[in-house]
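Quantities reported herein were computed from a predicted structural model and do not represent experimental measurements. Within every chain, numbering begins at 1; the chains are lettered A, B, ... in the order of the sequence lines, protein sequences first and strands thereafter.
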Amino acid sequence: MRIALLLPLLLVLSAPASAFLFGGDSDKKALAGLEALRAAFKAGDCAAVQERYDAFLEEKPSRRLREEPYGYLGRCYEKGGLTDKAISLYKVAIELFPANRLFASRLGRIYNRAGFYDSAEPLFLKALALKSDDIDANIGLARAYAGMGFLGRARDFYSMAVVLQDFGDPVVMREYARCLLEKREWEEAAFIASRGKLREPLSAYWPVNQARILAGRGDYTGAVLSMDGALELEATRGRRLERALYLLLGGHPRRAMEEADAALSADRTDALAASVKAMALYFMGEKKQAEPYFAIAAVNGGDFTSKLAGSFIECLKNGGMWPCKK
Amino acid sequence: MKFLLRTTLSALLLAVPAILSAQGFPASGDNSDDEILRDALWTRLALARPPARPSVGLALSGGGARGFAHTGVLESLEYAGFPADYVAGTSMGALIGALYASGMTVEEIWKFGLEAADLKVSRDFRKINLVTLLIRDRLITPDHINKFIEERFGALTFEKLQKPFACSAMDIRTGEKIVFTQGPLAVAVRSSVNLPGIFAPVEYRQRYLVDGGVVDFIPVDSVRALGADWVLASVTESSANRVPENVLMSLLQVIDIRGSLLARSAEKKADFVIKPEVAEITVADFERCGDAGEAGVREASRRIEAAKEALLIYSVPRLMEKL
């Protein structure tokens, strides 16, 4: 009998408590606000997101309902270049919703873009601890490690990301390919290059990448053939001269010179073309004839090209004897 | 300081849209002329062997636990295909250098460093206690360090190493620099890591040998004497920016400062210097070998393109003649 009386009493009392804990009428309004926010975000209307977020907050939504809008507002801040606001918001969100990996991932992404890889690393690790196959977190961590110089670690996370994406994102594929080139991991690099070519058959990027892999292995004939493929897709001065360098390194100085001459006839101050021609002449023993081209490279080249040409000029002053300078 | 850091961070982050390319590797694939020239020539240099290219030596400095940064440097050099025909080391540089020259992979050397805190080696350093030293009036014999070196190098001689190697020690009686290049390896490495004033000198062929860091902190001359035309030095200097807690730490710090002073003149003789940021790690901080190694990777990765360029500028005239 007592229980029968107590039960309705408890139910009456529990109504305001549940409203306090889980939101009541207010949450119903907030839910409607959330729907509107979601729609504005999906429509890419960040001004509306901001406006509706303020209205949403006025409804004093429960903590549970605030999680999703944080994500919308944060990404809108990012989109609008309000990076400091996005950072503050994500930091709060990470504290409030530690199980939501989106906030850690987005904050890590901002730090990565600014070059603060050390700050980004733990955030991506946190996101991956929550879900190890989170694609964005794998990419983010790979980028953070690449930025810090840890190529081995970067390789592992790039590898995971491209597999999770089924080799579908050309940007990440290219970054991974570059990482493998720098790490001189030729077999995997060749595999990724072949997948990249399948994904982007009309891009010259992949034949150039393939040429660099072959050159790295010392196969200059193969590198020249790959560069030919790249030039068919998109011929640029840089690619023609890179091909000329592979010709020279493969022991074909005259063919390298032909390419360099073509570039020099278009621009006689072309430092890279002058370097190729000068080195080809030097290789053939025509050291005196090489000197004016080294001079062009020394005067017009970038820092490395200029210093390299300077080194040859020193050698020529030394009667062509190595070491050029002690 | 914190305020300054925060302000700088905020300012940089506000400029984020302008520096989007800072993340990951650039995806365009269009290199600058300098990069095209450097990368193409590097493919040749990395595959060539002396005399087709100049020979390259690595000089690894002393520095106790800080010296583990050399492992990170070696990792980055290996990834880049950087040639290393000769190796010389002093103190911790001698230990890492000997492991490397013996054919141990960089991955295996990493493993040794990461386990260093658990190895009994650090017990020899924990044994360094002023009271014990005063009561016994005798220097400590670093049993665990000796055992570790014997286990790894016991049967090896310099002649059996995969790369020519040299390591430096000092005769405590005369102050002479002793450079080992032949004979048993273990005694040479043991002498090179043997802290003077704390560990008993290693007696070998009427010599009383202690850590070479006091006379040859960066063994640039030693690696040149082996035959290297071009020398890359990995230097793990101390900042000495701390007040030592006790007499023994003072002694270690004095040795460290002396080493760093020597380093400044020796590094001028090297053709390229990589200095990992490990100043805050002390000589006996073996728990932080991993941090030191990571600092080595970071600094070497940051400087690797510059190192390649420096070697190419020196080598390419020779390379073109022997193509």
Asks: Indicate yes or no: at least one non-hydrogen side-chain atom of B:Leu41 is less than 4.5 angstrom from one of A:Met279.
Replies: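 The answer is yes; the side chains approach within 4.5 Å.
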Asks: Heavy-atom cut-off 4.5 Å, strictly under: side chain, backbone, both or neither for B:Ile36 against chain A?
Replies: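 For B:Ile36, backbone and side chain are both near chain A.
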Asks: When rounded to the nearest 0.5 angstrom, what is the spacing between CE in B:Met320 and CE in A:Met284?
Replies: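 Nearest 0.5 Å value for the CE-CE distance: 12.0 Å.
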Asks: Between A:Tyr220 and B:Thr43, is there a side-chain donor-acceptor contact under 3.5 Å, judged purely by atom types and distance?
Replies: yes
Asks: Given side chains that start at C-beta, do those of A:Phe304 and B:Ile313 come closer than 4.5 Å, heavy atoms only?
Replies: yes
Asks: Specify which of A:Leu249, A:Leu241, A:Asp270 makes the most heavy-atom pairs with chain B at under 4.5 Å.
Replies: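 Ranked by heavy-atom pairs under 4.5 Å with chain B, first place is A:Leu249.
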Asks: Should the heavy atoms of other residues, nucleotides or ligands under 6.0 Å from CD of B:Glu277 be counted, would the total exceed 12?
Replies: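 No, because the 6.0 Å sphere around CD of B:Glu277 holds 12 heavy atoms or fewer from other groups.
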Asks: Counting only non-hydrogen atoms closer than 4.5 Å, does A:Leu248 touch chain B with its backbone (N, CA, C, O), its side chain (CB onward), both, or neither?
Replies: both
Asks: Are B:Arg298 and A:Asp118 close enough for a salt bridge, meaning some N to O gap below 4.0 Å?
Replies: yes
Asks: Relative to chain B, which segment of A:Lys79 carries a heavy atom at a distance below 4.5 Å: side chain, backbone, both, or neither?
Replies: neither
Asks: Can you find a heavy atom in the side chain of A:Leu308 that is under 4.5 Å from one in the side chain of B:Val316?
Replies: yes
Asks: Closest approach of A:Ser275 and B:Leu37, non-hydrogen atoms and distance?
Replies: OG-CD2, 4.2 Å
Asks: Are the side chains of B:Glu321 and A:Phe283 in touch, meaning some heavy atoms are under 4.5 Å apart?
Replies: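 Contact flag for B:Glu321/A:Phe283 side chains = no.
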Asks: Roughly how far apart are B:Trp42 CH2 and A:Arg184 CZ, rounded to 0.5 Å?
Replies: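 Between B:Trp42 CH2 and A:Arg184 CZ, I get 8.0 Å after rounding to 0.5 Å.
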Asks: Pick one of side chain, backbone, both or neither for B:Arg302, based on which atoms fall under 4.5 Å of a heavy atom in chain A.
Replies: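 Answer is neither: B:Arg302 stays 4.5 Å or more from chain A.
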Asks: For the residue pair B:Val297 and A:Arg153, establish whether any side-chain heavy-atom pair is separated by less than 4.5 Å.
Replies: no
Asks: Hey, is NZ on A:Lys307 packed in by over 12 heavy atoms from elsewhere, all under 6.0 Å?
Replies: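 Incorrect, the count does not exceed 12.
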Asks: Do you know which two heavy atoms are closest between B:Pro317 and A:Ser311, and how far apart they sit?
Replies: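 B:Pro317 and A:Ser311 have their closest heavy atoms at CG-OG, 3.5 Å.
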Asks: Is it the case that over 12 heavy atoms from other parts of the model lie below 6.0 angstrom from the NZ atom of A:Lys197?
Replies: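 No, not enclosed.
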Asks: With a 4.5 angstrom heavy-atom cut-off, is it the side chain or the backbone of A:Asn209 that approaches chain B, or both, or neither?
Replies: neither
Asks: Rounded to the nearest 0.5 Å, what separation is found between the CD atom of B:Glu309 and the OG1 atom of A:Thr305?
Replies: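 OG1 of A:Thr305 is found 8.5 Å from CD of B:Glu309.
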Asks: Select all residues of residues 74-88 of chain B having any heavy atom within less than 4.5 Å of some heavy atom of chain A, and report them by number, or 'none'.
Replies: B:Tyr79, B:Ala80, B:Gly81
Asks: Using heavy-atom distances under 4.5 Å, tell me whether A:Phe150 contacts chain B through its side chain, its backbone, both, or neither.
Replies: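 Contact with chain B involves both backbone and side-chain atoms of A:Phe150.
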Asks: Are any non-hydrogen side-chain atoms of B:Asp33 and A:Arg237 less than 4.5 angstrom apart?
Replies: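 They are in contact (side-chain heavy atoms under 4.5 Å apart), so the answer is yes.
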Asks: Checking heavy atoms, do the side chain of B:Glu294, its backbone, both or neither come under 4.5 Å from chain A?
Replies: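 For B:Glu294, heavy atoms of backbone and side chain both lie under 4.5 Å from chain A.
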Asks: Would you say B:Glu107 has more than 12 foreign heavy atoms packed within less than 6.0 Å of its CD?
Replies: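 For B:Glu107, atom CD is not crowded (no more than 12 foreign heavy atoms under 6.0 Å).
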Asks: If you count heavy-atom pairs under 4.5 Å with chain A, which of B:Ser315, B:Ala306, B:Ser301 comes out on top?
Replies: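 When all of B:Ser315, B:Ala306, B:Ser301 are compared, B:Ser301 has the most.
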